[in-house]
There are 2 protein chains.
Amino acid sequence: MPAPPASRTPLSRPRVLAAAVALADVDGMAAVSMRHLADRLGVVPMALYKHVGSKEDLLDGMVDTVLGEVVTAGPRGGDWRAAVRGAVLSARAAVQRHPWARRAIETRTVRTPAVLGHMEAVTALLLAGGFSPDLAHHAMHALGNRIWGFSPELFDETAEDRAAGTRTSPAPDPADYPSIIAVSLEARRRRPGAAGCDEDFEFTFALDLLLDALDRLRRDGWESPTGA
Amino acid sequence: MPAPPASRTPLSRPRVLAAAVALADVDGMAAVSMRHLADRLGVVPMALYKHVGSKEDLLDGMVDTVLGEVVTAGPRGGDWRAAVRGAVLSARAAVQRHPWARRAIETRTVRTPAVLGHMEAVTALLLAGGFSPDLAHHAMHALGNRIWGFSPELFDETAEDRAAGTRTSPAPDPADYPSIIAVSLEARRRRPGAAGCDEDFEFTFALDLLLDALDRLRRDGWESPTGA
DNA sequence: AGCGTAGGTGTACGTTGTACACCTCGTCAA
DNA sequence: TTGACGAGGTGTACAACGTACACCTACGCT
């Protein structure tokens, strides 16, 4: 006689979400289907729907779980710039722990608690740092996705290979893009042996550019043009 | 007797792509399946595969088609800032003509001719304007998605409604997000009667912030820290 | 003792991308 | 004139997907 059913620990929303995150971490986002996830949990696909409303809801929950890892310190010593920088870099760390999270965040439109919580934290730091609500608003927009700790991959080296299979259009001719080539050659010269761009540098470069620019506006008491 | 088969104008890659763009424009991206598209063209689904390699290739082609609408003037009068601004706003116009394009561009990783062409044009304007290849590189990264004329929708008003159906987690309590509320109230006060944010203003605000900051670096002869 | 309900099961349906074999022409060499 | 060839459209088929719906089962309550 086999062992008794062992009375599995029952499913729950957190358990489902955690399993989904783990599955995506290991096998990639494409492997996250209701069926695979159910298999992983030793359960039938439809059982998941007792804990998540739909696949969309599952993805929202996964993003929420990852962003729940972000920790934000309160404003310290009145240095809003360092505080915001720290919050954003904490988000970056969380997102980098889960390679699929970037893409997932981009496609989500729903504002779940952890998402709102992070936005609230950053906004609060700006207000505490002397930003007017008006300027804080525009600052959030200007930061955009960088709030979540990532910037778009403008030059994705790995994409070309992946596309080789089914592409119909001809491969582009480098001679048509002299400026890109010039820039890319200089980048390689500066970082010999490196593959692709230094994403961390690019991220902080742009982040600091924005924070500096915003600080100038704050000091100058900038405000929206009336009527806009 | 019905009209003779009318010897339909044969399919071709451009015709398939144009039909896909039109279909997405009218019925949304979700309606772009190989079957629907084939229906629209009066053809059987598999016929499309003679002209596009896969659905991925189709989407790449759609993005390429839209970005092909972008026109970029050469540098005029040495004002790189106005020229770049113009190129970016031209891309924005193209993307806004096709509501689905934003999301589609974000998910594409392949660099098709029109995509590369636009990147090349902007890079060339920077170089012609006195940017070092080094700084031009970082400038492109800093601009990020704004190159394509859009910025992430941080506060998407319509998303909440759409999610109401299958959401499992409870609706967020506004009392937990005082800073967001403060900012949002001020925004509403400044634009009474407006629904949501003024995306055009937010876009140019952030764009000009970046262009100004980059111009300062250019004037100062900024260059990458060695070793990074 | 019995009933309601939370939670897991089983089956089924419609839709998706696309592999593969086929057919039907128009073009061109012999 | 013929006959082969290849480009391009057809038909069928399959595996995978999300999820609606009816069902069962077992626990906590009164």
Side-chain angles (χ1 to χ4, degrees), chain A residues 2 4-20 23-24 27-62 100 104 107-108 110 162-170, chain B residues 4-20 23-24 27-62 100 103-104 107-108 110 162-170:
Chain A
S7 106
R8 278 181 323 220
T9 67
L11 253 41
S12 69
R13 185 175 169 90
R15 237 167 72 76
V16 169
L17 294 181
L23 179 55
D27 294 346
M29 204 51 165
V32 179
S33 73
M34 300 305 266
R35 288 162 150 90
H36 279 144
L37 181 54
D39 269 7
R40 220 42 93 87
L41 286 161
V43 115
V44 96
M46 285 311 291
L48 302 177
Y49 286 88
K50 290 285 156 63
H51 304 278
V52 298
S54 64
K55 179 153 193 201
E56 287 288 286
D57 185 38
L58 174 74
L59 297 180
D60 288 340
M62 291 173 68
W100 49 270
T107 64
R108 300 297 85 204
V110 187
R162 244 181 294 132
T166 59
R167 172 153 46 187
T168 301
S169 55
Chain B
S7 106
R8 278 180 324 222
T9 66
L11 252 41
S12 69
R13 184 175 170 91
R15 234 167 74 75
V16 169
L17 294 182
L23 178 55
D27 293 347
M29 205 49 163
V32 179
S33 75
M34 300 305 267
R35 287 162 152 86
H36 280 145
L37 181 55
D39 269 8
R40 220 42 94 85
L41 286 161
V43 116
V44 95
M46 286 310 292
L48 302 177
Y49 286 89
K50 291 283 156 64
H51 305 277
V52 300
S54 63
K55 177 149 193 203
E56 288 289 286
D57 185 37
L58 174 73
L59 297 180
D60 289 340
M62 290 173 68
W100 49 270
R103 188 65 28 108
T107 64
R108 302 296 85 205
V110 187
R162 244 181 295 132
T166 58
R167 170 151 50 186
T168 301
S169 55

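In the text below, chain A, chain B and the rest are named by the order of the sequence lines, each starting its count at 1.
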Trainee: Just the rounded figure in Å: distance from C1' of C:dA6 to NE2 of A:His51.
Mentor: 9 Å

Trainee: Check whether any side-chain heavy atom of B:His36 lies under 4.5 Å from a side-chain heavy atom of B:Leu23, and answer yes or no.
Mentor: yes

Trainee: Nearest whole angstrom, please: distance from the C1' of D:dG8 to the CZ of B:Arg15.
Mentor: 13 Å

Trainee: Compare all side-chain heavy atoms of A:Arg40 with those of A:Asp27 and state whether any distance is below 4.5 angstrom.
Mentor: yes

Trainee: A:Leu48 CG to C:dG8 P: how many Å, rounded?
Mentor: 9 Å

Trainee: Could you grab the distance from atom OG of B:Ser33 to atom CG of B:Leu48, nearest 0.5 Å is fine?
Mentor: 9.5 Å

Trainee: Expressed as a whole number of angstroms, how long is the span from B:Arg13:CZ to D:dG9:C1'?
Mentor: 18 Å

Trainee: To the nearest 0.5 Å, how far apart are CG in A:Asp57 and NE2 in A:His51?
Mentor: 12.5 Å

Trainee: State, to 0.1 Å, how close B:Met62 and B:Leu17 come at their nearest heavy-atom pair, and which atoms those are.
Mentor: N-CD2, 4.0 Å

Trainee: Expressed as a whole number of angstroms, how long is the span from B:Lys50:NZ to D:dG8:C1'?
Mentor: 5 Å

Trainee: Quick one: list whatever passes side-chain hydrogen bond (donor to acceptor under 3.5 Å, both in side chains) with B:Asp39, sequence neighbours left out.
Mentor: none

Trainee: Measure all distances between protein nitrogen or oxygen atoms and nitrogen or oxygen atoms of nucleotides 15-21 of chain D, and list the pairs falling under 3.5 Å.
Mentor:
residue : atom : partner : partner atom : Å
D:dC17  : OP1  : A:Ser33 : OG           : 3.2
D:dG18  : OP1  : A:Lys55 : NZ           : 2.8
D:dG18  : OP2  : A:Met34 : N            : 3.0
D:dG18  : N7   : A:Arg35 : NH1          : 2.4
D:dG18  : O6   : A:Arg35 : NH2          : 3.1
D:dT19  : OP2  : A:Tyr49 : OH           : 2.8
D:dT19  : OP2  : A:Lys55 : N            : 2.9
D:dT19  : O5'  : A:Tyr49 : OH           : 3.4

